[in-house]
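Predicted model only: the values in this text are computed from it and were never measured. Below, read A as the first sequence line, B as the second, and so on, with proteins coming before strands; counting in each chain starts at 1.
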Amino acid sequence: MVRYFTRLRVRRIYKWGGRSYADRKLKSYGFEYLNIGVEGQEAVTTVTPGQYILIEGNDDDNPFVAKLLKLFGDESHKQKKALVQWFLRLSEVPQNKKLLLGRSPHPQEIFYYLGRACDDEINVESILGTVHVQHVPEDTPFPEPGTKDTLYVKMSWDTKAFNVLDPVLMQDTPASTPPKPALPLFPPCASPAATPVSRGPVRRALPTPDPTVMRRAGSVSDTRATMSTGKMGTLEAESIHSASKLSASKILSTRRRGSAADTPGVRKKLQLSNGASPGKRMTREDVLCELLDEEVESEKVMSLKLSSSVSHSLQHGCSLSPMRSGRKTPNGQGGFPRKLTSISLDRLSPTALGEQDFSSDLLLAVTPLALEDEVFEAGLPTDSGSAMTPKKRQATPRRNYVRGQKATTPSRRKESAMTMREPALGVLAEEDSEDSPMQPIAMTPRSKRKSAQLVSSRIRKQLNLLDNNEELSSDGDDCFVPSKKDLQSSSDEESEEEQTESEEETVVRKARGRNCKTPSRTPCKTPSKKATPSTPRTPRNATPSIPSRTVPARQPGNILEEARARLHVSSVPESLPCREQEFQDIYNFVESKVMDGTGGCMYISGVPGTGKTATVHEVIRCLQHASDMDEIPMFRFIEINGMKMTDPHQAYVQILQKLTGQKATADHAAALLEKRFSNPAPKKETTVLLVDELDLLWTRKQNVMYNLFDWPTRHHARLVVLTIANTMDLPERIMINRVASRLGLTRMSFQPYSFKQLQQIITSRLNKVKAFEEDAMQLVSRKVAALSGDARRCLDICRRATEICEHSASHPSTAGLVRMSHVMEALDEMFSSSYITAIRCASLQEQLFLRAVIAEFRRLGLEEATFQQVFVQHQALCRVEGLQPISVSEGLAVCQRLGACRLLLLEASRLDVLQRVRLNVSQDDVLYALKADRD
Amino acid sequence: MSKRKVKETHMPVGECISQVQMILRERFCHRRLPEKPVGMESQHKHLLELLRRTAVHGESNSVLIVGPRGSGKTMLLNCVLRELLEVKDVNKNVLPVHLNGLLQTDDRIALKEITRQLNLENVVGDKVFGSFAENLAFLLEALKKGDRSSSRPVLFILDEFDLFAHHKNQTLLYNLLDVSQSAQAPIAVIGLTCRLDVLELLEKRVKSRFSHRQIHLLSSLSFIQYLDNVRSQLSLPQDFPDTKFYDEWNESIKTLCEDQPVVDVLQRHYNSSKDFRSLHLLLMLALSRVSASKPAIKPTDLLEASRVCMVDSKANILHGLSILELCLIIAMKHLNDIYEGEPFNFQMVHNEFKKFLQRKSHSIHNFDKPVVIKAFEHLQQLELIKSMDSSTAKIQKEYQLMKLMLDHSQIMEALQKYPQCPTDVKQWAMSAFG
C-alpha cells in the first residue's frame with residue numbers, strides 16, 4: 001500500500017547526462033551521470049558513478065543501498081542500466097546469521113556485500129536517489145546518530161560471516177559530496193526530518209473505491225498488467241541482483257503496471273517506453289490514464305497526510321493478503337504477473353473505504369476498458385507464455401519476471417505443482433516464494449566444508465538446466481496417489497466398524513485395566529487414547545513416548561563432568577573429523593543422484609565404530625541444508641536398520657510407513673512400494689534410503705535385498721539407496737549374483753581409525769575443555785587403534801578415565817587433569833581378562849578341581865576328560881592337601897559352579913558323572929593363577 | 001541400652017522363638033536387604049555413581065555386573081537402587097524395568113514386558129497389544145522421542161544377561177545399547193551375569209555399542225571374615241523386643257561360633273564355596289531345629305545340618321535298593337573294572353550275576369530272568385544306569401548298551417551302610433574279580 005502511494009507521490013524522470021561513450025563489444029553506451037528529476041519540479045539530482053544510491057526495494061523505509069559503479073544504456077537508449085556494488089542492511093541478513101555479528105548493530109549500519117548471489121546490474125529506474133555512506137574504521141565507535149541520512153559501513157558480509165571491511169574497497173568514495181535529497185524521495189530511514197519540504201503539496205493519497213468495485217477494477221487492471229508485461233518488461237529493471245531484490249522489484253514493477261491505470265505518473269512512464277511498445281496498446285493506456293488523472297489530481301492535496309499514515313500500517317499486511325483474482329487463473333504461468341497485480345489492488349481496497357465518490361468514478365473509467373482488454377487477452381497468453389518457455393527465457397534474460405523465476409526456481413517449481421492441485425494453496429505458495437528468496441542472499445553455502453561449498457557453487461550453475469527439466473516433467477498427473485487414498489479410507493472404515501463393535505468390551509477392559517495397574521508408576525495414558533483392545537493392533541492413537549521427568553536433568557557442574565558429557569558417544573559433534581574423504585565421496589554420490597533425479601546404490605562397509613552411520617547422517621544433514629537453501633532439489637530421507645526390525649520383510653513396512661505414513665502388512669507394503677517406484681508420478685522427489693546393517697536383511701530367496709537394489713534402477717524410481725554393513729565382501733559372500741549385480745560396484749570401505757585420528761576425535765570432542773593430559777590421550781588412542789580402531793571404545797575409555805580421576809581426588813572440585821595413571825587404570829579395567837582374578841578368588845575346592853582337571857589332562861594327554869576321571873584325581877589331591885574328601889554330589893556342585901563362570905566348559909548336566917569337562921582358560925593361566933595364590 | 005534394660009519387656013519364649021525365626025528367615029531367604037553390602041564397597045560406589053549420573057544428569061550408560069552365582073550381584077544392585085530411590089529428586093524420575101533372561105526367553109516376550117513395565121500407551125491394563133514388529137517400532141519410537149534433559153531415565157535391569165545374548169540377532173540388546181549410545185531418552189542398561197566370557201557372546205556391532213564397563217564381584221573373603229559373617233548373620237538386631245532373650249541369643253551364637261566342631265564344619269563349607277547362598281542354606285537348616293524347648297542353636301544342630309547339606313544324593317538312593325538291584329550294580333561295577341568303563345548290556349550283567357550265584361551265593365535266590373529284567377529297568381528309571389544309544393526302540397531291551405552312573409566309592413560306601421547286607425554280597429563287591 002505504502003509503496004503504491006509513495007510511488008505516486010513522485011514521478012521521476014531519468015535522463016542521461018554527460019558525454020556518452022560507446023562500448024561496441026557489448027553494444028551499449030556508457031554515461032557519465034544520470035539526472036533524476038521529478039515531474040513538476042525544478043530540482044534535479046545528479047547521480048554519478050562512485051556515489052551511493054538508494055534503490056527501491058520492498059521496504060520503503062529501508063530501500064536498498066548500493067554504490068553506483070557504472071551507468072550504461074543500449075543503442076536505442078530505451079534501457080538505462082547501472083552497475084552497482086551492493087550494501088546490506090542488517091534486516092536483509094538472514095535471521096539466523098544476525099547473531100554472528102556479535103554486537104548490537106547501529107541503526108544506520110550497513111554491510112559491504114561480498115557475496116555473489118546478487119546480480120549487480122540494475123535498472124536505473126529503480127534508483128531513488130543518493131545517500132551518504134561513511135566508512136567507519138574497525139575500532140572507532142559509530143558517530144552519534146545525529147544525521148539520519150548518513151549510513152555507516154564498518155563490516156563486510158560474505159553470506160557466511162561478518163568481516164572487517166578492507167578500507168581499500170571504500171577508497172573511491174566521494175565522501176565530499178553529501179548528497180542532498182533534493183528529490184522528493186522517500187526518506188532513507190523514514191525520519192520526518194529528512195523529508196524534503198518540496199514534497200509537501202505534491203500529492204494526496206489515492207482514493208480507493210469500495211472492495212467490490214475494486215475487485216472488478218482489479219480484474220481489469222490485472223489483465224492489463226499481464227498484457228503490458230511484454231512491453232513494460234523491456235524497460236523494467238534490468239537488475240539481476242539478489243533474489244530478494246529481484247522479487248521485490250518484480251512486485252514493484254507489476255504493481256506499478258497494475259496501478260498504471262490509476263496513476264497520473266504512469267503517463268510519463270509510458271512516454272519512456274514509447275519507442276518500444278506497440279502504439280495501439282499505449283494509446284489504450286493513455287486513455288485510461290487521462291481519465292483517471294483528472295480525478296486524481298483534484299484530490300491530491302487532501303489526502304497526502306492520510307496516505308502516509310495509512311500506508312505505514314498496511315505495509316506489513318500486504319504480503320499475506322490473499323489474491324482472490326489470482327485464483328481464477330487456471331494457467332499458472334500466465335497468472336503469475338496478474339496475481340501480483342491483483343495483490344496491489346486488493347491491498348489497495350481497504351485503505352480508503354470512505355471515498356465512495358471516487359470509487360464510482362474509477363469504476364466508470366475502468367469498465368469500458370475492461371471490455372477492450374478482454375479482447376487483448378487472447379493475444380496475451382502467447383506473450384507471457386512464450387516468455388516462460390525455457391528457450392525464450394535464456395534468450396531474453398532481461399525480462400523481469402522471468403529472471404525472478406530463475407532465481408527462485410526450486411520454490412517456484414513447488415508452487416507450480418501446488419497450484420495445479422489446489423489454486424488457493426498455490427496462491428499462498430506464490431506468496432511464499434516471494435518471501436523465501438530473502439534467505440539465500442546471505443545464507444548460501446552453510447556447510448563449512450570446502451567440499452560442500454564447491455558442491456553448492458556447482459549446483460547453482462546447474463540450476464537453470466534443472467529448472468527446465470522440472471517444468472517439463474511436472475505436467476503429468478498423479479495416478480498413484482488417489483488409489484492409495486482409496487485404500488486408506490476403506491481400511492479406515494473397516495476399523496471404524498470394528499471399533500464400534502468392540503466398544504462395550506473396551507469399556508469393561510479399561511475399567512479392569514485401571515484397577516490392576518501398579519500405583520507406583522505414573523500412567524501417562526488417557527482412556528480416550530486407548531483404542532479397540534480386541535484388535536491385535538497397536539492402538540492407533542497411542543503416541544510412543546517416555547514420560548517426562550519432573551525435575552529437569554542437571555547440567556554438568558565441573559570440568560570433568562563437562563568433559564564426560566562431551567565424550568559421550570551420543571553427543572553429536574558439529575562435524576566429524578577424519579572422515580573428509582568419505583564424506584566427500586558420499587556427498588557427491590547422493591548429490592549428483594538427487595540433482596539428476598536418478599537413482600543408485602552404494603555399499604558402505606567398515607568395522608563397527610568407524611563412523612559409517614554418522615558420516616552418512618552428516619551428509620544427509622548437509623544435503624538437507626542445501627535443499628533448504630534451494631541449492632539442490634528437495635529430497636526425502638528414510639532410514640531403516642536391519643537390527644531394528646524383527647524380520648527382513650518388515651523393511652517394506654517401515655519404508656512404506658516412513659514414506660507415506662501408511663500401515664500395511666509386509667506383502668501389501670511390498671506391492672505398494674513396487675508400484676510407487678515403478679510408476680511415473682509428477683512432482684516425485686528423490687528418496688534417499690539408508691539401509692543400516694544390511695546383512696540382516698538377508699533371506700533365503702534374498703527378495704528383500706533384490707527389491708531394494710532393483711528399485712533404484714527403475715526409470716521413475718528416483719531412489720538412492722545407501723547400504724551399510726560391516727564386512728567388505730558381503731556382496732560376494734552372501735548375495736546371489738543377480739542381487740550383487742544390482743548393488744553395483746559403488747563401494748566404499750571405512751578403515752579403522754588410526755591413533756592419530758582417534759586422538760583428533762577426542763580433541764575435537766573435548767573442544768578446548770582442558771581435561772586430559774596430552775600423553776594420556778595419546779595412550780588411549782594408541783591402545784584402541786592397536787586393538788580395534790573403534791571410536792566408541794575410545795570414547796568410553798576416556799569417559800571411564802574421567803570417572804576414575806574424579807574418584808581418586810578427595811573432593812570432586814579438586815580433581816585435576818586426567819593423567820596417565822587414570823587412563824592406565826581404565827584401560828586395565830576394560831581390557832584385562834578377569835579369568836585370573838576369578839581363579840584366585842575361587843574357593844579352595846574349586847581351585848583343587850581345576851588342578852585335578854589339569855592333572856587328568858596331563859595323564860590322558862587330551863584336553864578333555866569326563867567328570868568321573870577328574871573326580872578321581874580330585875579325591876587324590878584332597879588327600880594330598882590333607883582335606884576331607886568330598887562326596888560326588890559336592891564335587892559335581894563345584895564343577896557346575898566353575899562351569900557357570902565359564903572357567904570350565906561342560907556338557908549338559910544330565911550326563912552327571914559322565915559329562916565331559918574342558919578348560920576354557922589356558923592351562924598356563926590356571927597354573928599361574930594358582931601358583932601366585934599359593935605364594 | 002540402659003534405658004531398655006529398665007523397660008525390660010518380657011515375652012514368652014515361644015513368642016521370642018517365632019520372632020527370631022521370622023527375622024532370620026527373612027535374612028536367609030533374601031527377603032530383606034542387608035544394611036550395607038559386605039566386601040564390595042568399591043563396586044557399590046562405582047555402580048551407585050553410574051546410576052546416579054543416569055538419574056540426575058540423564059547420561060546414558062551401560063554396565064555389566066559379573067560374578068559367580070551367589071556372589072551378591074542382585075543384592076548389590078538392589079542396595080544401589082534402594083539408595084538411589086531414597087534421593088528425593090531421583091525417586092519420581094526413574095523408571096526401572098526388570099527383565100530376567102530365564103523369564104523373557106525371547107525378544108517378543110521381553111518387548112511386551114518392557115512395554116508393560118514402562119506402561120506405554122499401547123498397554124491396556126496388563127495386556128500389551130500389537131504384533132512383535134509393532135511393539136518394537138513403538139518402543140524404539142518412544143525412546144527416540146525422548147531426550148536427555150526432559151524424559152525420565154529408564155533403568156533396564158537384565159538379569160541373566162547372557163541368556164539375552166542368545167536371542168535371535170540380539171535385536172533387543174542391539175537396540176537397547178544403541179539407544180544408550182545415542183542422543184535419545186536416557187537409559188541405563190544393567191546386565192547381571194555369572195559368565196566371565198559374556199562379552200564374547202555379543203555380536204560385534206552389539207559389542208561395539210556396549211560401553212565395556214564391567215563390575216566384577218569376586219569375593220576374596222578370608223575365613224576369619226567368613227566366620228564373622230556367620231556370627232552377624234545369626235545375631236539378632238538391636239531392636240529385638242525382648243532384651244533378655246536378645247542377650248541370651250547373641251551370647252549363645254558367640255559361643256557357637258567359637259566351638260571347634262562348628263568351626264570345622266564352617267571351614268569345610270568355606271572350602272567348598274564362599275558364597276552366602278549355600279551358607280544361608282546351612283544356617284536355615286540349623287535354625288529350623290530351634291524350638292521353644294530348645295531356644296538356641298547348638299553345635300549339634302549345625303553339624304546335623306551340615307551332614308544333610310553334604311550328603312551324597314546317589315548314596316541315599318542306593319540305600320533304598322533291593323538286594324537284587326544292589327547285586328546288579330555290583331555286577332556292573334565288575335564289568336566296568338574288566339572292560340575299563342566300556343558300556344555293557346543286560347545280558348552281560350545277567351551273566352555276571354549268574355556266575356556269582358553259581359559260585360558262591362548262599363543267601364541269594366536264583367531269580368527268574370524276567371524278575372532280573374524288571375530290576376534292571378528299575379535301575380534305569382532311577383538313572384543309576386543310562387542308555388548310551390539314542391534310539392532305544394530298535395534294539396531289544398536285553399542288548400541295549402548301558403553305562404553305570406555311579407562312582408566306585410559311592411557303591412562301596414552304600415554297601416557299608418546298607419542295612420543287613422549279606423556278607424557274601426559284600427565280599428563279592430570287594431573282591432577284585434567277579
Heavy-atom pairs under 4.5 Å with chain A, option from [options] with the top count:
options: R108(B), M310(B), Q214(B); answer: M310(B)
options: N93(B), L111(B), L218(B); answer: N93(B)
options: S272(B), A137(B), C194(B); answer: S272(B)
options: S150(B), S409(B), A55(B), G58(B); answer: S150(B)

If you round to the nearest 0.5 Å, how far is [atom2] of [Y] from [atom1] of [X]?
X: K45(B); Y: H807(A); atom1: NZ; atom2: NE2; answer: 5.5 Å
X: S834(A); Y: L196(B); atom1: OG; atom2: CG; answer: 4.5 Å
X: Q868(A); Y: L404(B); atom1: CD; atom2: CG; answer: 7.5 Å
X: N175(B); Y: K644(A); atom1: CG; atom2: NZ; answer: 6.0 Å

K658(A), NZ atom: more than 12 neighbouring heavy atoms under 6.0 Å: yes
Verdict with reasoning, Y174(B) to N641(A), per side-chain contact (heavy atoms from CB on, under 4.5 Å):
CA-CA 11 Å; Y174(B) 177 91; N641(A) 188 325; 3.2 Å; yes
Which atoms of [X] approach chain B - backbone, side chain, both or neither, heavy atom under 4.5 Å:
X: L883(A); answer: side chain
X: L795(A); answer: neither
X: A893(A); answer: neither
X: F871(A); answer: side chain

Quick check on [X] against chain A: is it the side chain, the backbone, both or neither that has a heavy atom closer than 4.5 Å?
X: D407(B); answer: both
X: D147(B); answer: neither
X: A315(B); answer: neither
X: V311(B); answer: backbone
X: L140(B); answer: side chain
X: D162(B); answer: neither
X: V66(B); answer: neither
X: K204(B); answer: both
X: L143(B); answer: both
X: E49(B); answer: side chain
X: H216(B); answer: side chain
X: K386(B); answer: side chain
X: A133(B); answer: both

Validation row: [X], [Y] side chains within 4.5 angstrom (heavy atoms):
X: E890(A); Y: R268(B); value: yes
X: H212(B); Y: I797(A); value: no
X: Q181(B); Y: D796(A); value: yes
X: R897(A); Y: R69(B); value: no
X: Y270(B); Y: L844(A); value: no
X: E803(A); Y: L50(B); value: yes
X: S60(B); Y: H568(A); value: yes
X: R799(A); Y: E59(B); value: yes

side-chain hydrogen bond (donor to acceptor under 3.5 Å, both in side chains) filter on Q410(B), not counting sequence neighbours, yields D312(B)
*Walk me through it: do R205(B) and N726(A) pass the test side-chain contact (heavy atoms from CB on, under 4.5 Å)?*
CA-CA 8 Å; R205(B) 329 165 231 226; N726(A) 290 131; 3.1 Å; yes
Nearest non-hydrogen partners of [X] and [Y], listed with the distance:
X: P608(A); Y: S208(B); value: CB-CB, 3.4 Å
X: P68(B); Y: C901(A); value: CB-SG, 3.6 Å
X: R195(B); Y: A900(A); value: CG-O, 3.5 Å
X: M645(A); Y: T171(B); value: O-CG2, 4.3 Å
X: C841(A); Y: S220(B); value: SG-CB, 4.1 Å
X: V913(A); Y: M405(B); value: CG2-O, 3.4 Å

Contacts of S62(B) meeting side-chain contact (heavy atoms from CB on, under 4.5 Å) (sequence neighbours excluded), chain-then-number -> L177(B), S180(B), V189(B), F210(B), S211(B)
Discussion item. I'd like to know whether R53(B) forms a side-chain contact (heavy atoms from CB on, under 4.5 Å) with R564(A), so could you lay out the CA-CA distance, the side-chain angles of the two residues, the decisive distance to 0.1 Å, and finally the verdict.
Written reply: CA-CA 11 Å; R53(B) 280 207 306 276; R564(A) 207 152 47 222; 3.6 Å; yes
Starting from the C-alpha separation in whole Å, work towards a yes-or-no answer on side-chain contact (heavy atoms from CB on, under 4.5 Å) for E829(A) and H46(B).
CA-CA 12 Å; E829(A) 250 180 49; H46(B) 185 173; 4.2 Å; yes
Between [options], who has the most heavy-atom pairs with chain B when the cutoff is under 4.5 Å?
options: Q884(A), E846(A), R800(A); value: R800(A)
options: D912(A), L696(A), V888(A); value: V888(A)
options: Q845(A), Q650(A), M643(A), M830(A); value: M643(A)
options: Q654(A), E693(A), Q657(A), E561(A); value: E693(A)

ask   = Judged by modelled atom types alone, do S313(B) and S889(A) share a side-chain donor-acceptor pair under 3.5 Å?
value = yes
